[in-house]
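To keep things clear, I will list the structure first and then write my remarks on it.
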Amino acid sequence: MDNRYYFTKVENNLVYIENQEFSHLTRVRRAKQGDEIVAFNGDGFDYNLKINKLNKNDAECEIINRTPNKAVEENITVFLAMLKNEALSEAIDNVCELNVTKCYLFEADRSVAKIDNKKLDKLNQIAIQACKQSERARIMDIEIINKAQMIDLISKMGNVFFAYEDAITKPTKFSGGFAVIIGPEGGFSLGEVELFSKYAKTISLGNTILRAQVACVTSVSMLKAVRV
């Protein structure tokens with residue numbers, strides 16, 4: 001949505017649109033005092049705002065009302081192996097638009113790329129932009145973990161699926177939230193296959209080998225389709 005904005009600064013009943021969002025509001029949308037816009041801050045609500053004042057570096061907006069966002073929290077988790085920059089950006093954008101709640105990034109045996117806090121900041125910005133595009137109001141959490149932390153997490157979860165290229169079983173009906181494990185460009189090592197198969201149900205995504213960012217979309221979509 002082109003006229004939807006993310007904000008962090010709130011004072012009393014006033015919201016301030018800043019930084020890139022302010023630039024888009026004034027330079028692209030050519031907003032004026034008195035215009036009404038929709039904004040969000042990650043709390044699950046849509047804020048209907050009226051622009052009171054356009055300052056040099058921000059727009060001061062009055063809150064008209066706030067309403068629960070239409071995108072209901074779905075309790076979906078993706079465990080995604082580190083990918084190269086462009087592929088990782090695409091994957092994050094895609095799973096956020098699919099209303100995934102949490103994305104854990106981990107270094108697989110065959111991961112080529114590394115990630116640091118600078119890259120993580122960029123991915124968080126991609127998630128915010130994906131929220132604007134998909135009109136969801138709760139931002140997907142992105143966190144970096146190691147495999148030991150990952151095993152600890154999935155061992156406590158229900159409905160964990162492991163998307164593996166040599167699997168033959170398609171996902172069947174289930175209920176509730178779910179998690180899915182997606183590998184890097186080079187696939188999983190045999191050791192990882194053995195490890196993850198102990199804690200997750202191995203599933204096939206079809207008869208062709210998918211790129212990791214495509215596997216993210218396919219796996220989440222397939223699992224949402226069979227969930228009851």
Side-chain angles (χ1 to χ4, degrees), residues 42 74-134 136 138-154 157 159-167 171 177-225:
E74 295 196 70
N75 190 21
I76 302 173
T77 300
V78 170
F79 292 93
L80 177 61
M82 302 293 193
L83 307 175
K84 294 179 182 177
N85 287 343
E86 186 176 340
L88 182 57
S89 296
E90 184 179 342
I92 292 296
D93 180 85
N94 290 341
V95 296
C96 187
E97 289 190 29
L98 285 169
N99 207 23
V100 168
T101 310
K102 184 95 179 182
C103 183
Y104 290 104
L105 301 174
F106 69 97
E107 185 176 343
D109 292 343
R110 294 175 181 168
S111 289
V112 176
K114 304 289 184 181
I115 193 165
D116 54 27
N117 287 331
K118 186 176 180 179
K119 288 183 180 179
L120 188 58
D121 288 342
K122 179 183 177 182
L123 294 178
N124 284 322
Q125 287 302 312
I126 290 171
I128 290 171
Q129 295 305 311
C131 284
K132 292 169 65 175
Q133 169 64 35
S134 58
R136 64 181 286 190
R138 195 174 295 280
I139 302 166
M140 180 180 72
D141 291 328
I142 307 171
E143 186 176 337
I144 303 169
I145 59 173
N146 58 42
K147 277 195 282 191
Q149 293 171 315
M150 178 178 170
I151 294 302
D152 182 61
L153 285 169
I154 64 177
M157 292 179 170
N159 298 325
V160 182
F161 300 90
F162 170 37
Y164 179 48
E165 60 191 43
D166 290 334
F178 65 87
V180 61
I181 305 169
I182 304 293
E185 290 93 338
F188 289 108
S189 68
L190 291 179
E192 288 172 328
V193 173
E194 182 179 353
L195 175 63
F196 296 146
S197 296
K198 293 178 181 178
Y199 298 94
K201 183 176 181 180
T202 304
I203 58 170
S204 169
L205 301 183
N207 297 324
T208 57
I209 305 301
L210 306 177
R211 292 179 298 160
Q213 59 269 44
V214 178
C216 286
V217 175
T218 304
S219 60
V220 173
S221 298
M222 288 178 66
L223 291 166
K224 288 176 74 170

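Side chains are part of it too, since the values below use all heavy atoms of this structure and drop only hydrogens, waters and symmetry mates.
Put simply, CG on Asn99 and CD1 on Ile76 are 6.5 Å apart, with the number rounded to the nearest 0.5 Å. Atoms CG and CZ, from Leu223 and Phe161 in turn, are 5.0 Å apart once rounded to the nearest 0.5 Å. In this structure, CE on Met150 lies 6.5 Å from CD1 on Ile145, to the nearest 0.5 angstrom. Atom CG of Leu153 is separated from atom NZ of Lys102 by 8.5 Å, given to the nearest 0.5 angstrom. Between the CD atom in Gln149 and the CZ atom in Phe79 there is a gap of 10.5 Å [rounded to 0.5 Å].
Between Val112 and Pro184 the shortest side-chain heavy-atom distance does not fall below 4.5 Å. Contact of the Arg136 side chain with the Cys96 side chain is registered, since non-hydrogen atoms from C-beta on lie closer than 4.5 Å. A heavy-atom distance below 4.5 Å is not found between the side chains of Ile203 and Tyr164. A heavy-atom distance below 4.5 Å is found between the side chains of Ile92 and Met140. In this structure, Tyr199 and Ile151 have side chains that are in contact, with non-hydrogen atoms separated by less than 4.5 Å.
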Side chain to side chain contact (heavy atoms under 4.5 Å, CB included) assessment of Leu80 paired with Leu88: CA-CA 9 Å; Leu80 177 61; Leu88 182 57; 3.8 Å; yes
Run the salt bridge (Lys or Arg N to Asp or Glu O under 4.0 Å) check on Arg110 and Glu192 step by step: do they pass? CA-CA 10 Å; Arg110 294 175 181 168; Glu192 288 172 328; over 6 Å; no
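A donor-acceptor pair under 3.5 Å is absent between the side-chain atoms of Glu97 and the main chain of Asn94, judged by distance alone. Thr101 contributes a side-chain N or O that, together with a main-chain N or O of Asn75, makes up a donor-acceptor pair within less than 3.5 Å.
Glu185 is linked by a salt bridge (Lys or Arg N to Asp or Glu O under 4.0 Å) to nothing, counting only residues two or more places apart in sequence or in another chain.
Less than 6.0 angstrom separates the ring centroid of Phe188 from the ring centroid of Phe162.
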For residues 117-131, tabulate all N or O donor-acceptor pairs below 3.5 Å that involve a side-chain atom, not counting sequence neighbours.
from: Lys119; atom 1: NZ; to: Lys114; atom 2: O; distance (Å): 2.9
from: Asn124; atom 1: ND2; to: Leu120; atom 2: O; distance (Å): 3.3

Just list the side-chain donor-acceptor pairs under 3.5 Å for residues 204-218, sequence neighbours left out, or say none.
from: Ser204; atom 1: OG; to: Gly206; atom 2: N; distance (Å): 3.1
from: Ser204; atom 1: OG; to: Gly206; atom 2: O; distance (Å): 3.4
from: Thr218; atom 1: OG1; to: Val214; atom 2: O; distance (Å): 2.9

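Contact detail for Leu105 and Met82: the closest heavy-atom pair is CB-SD, 4.0 Å. Taking each heavy atom of Ile181 and Phe106 in turn, the nearest pair found is CG2-CZ, 4.2 Å. Taking every heavy atom of both residues into account, Asn159 and Gly177 meet most closely at ND2-O, 3.0 Å.
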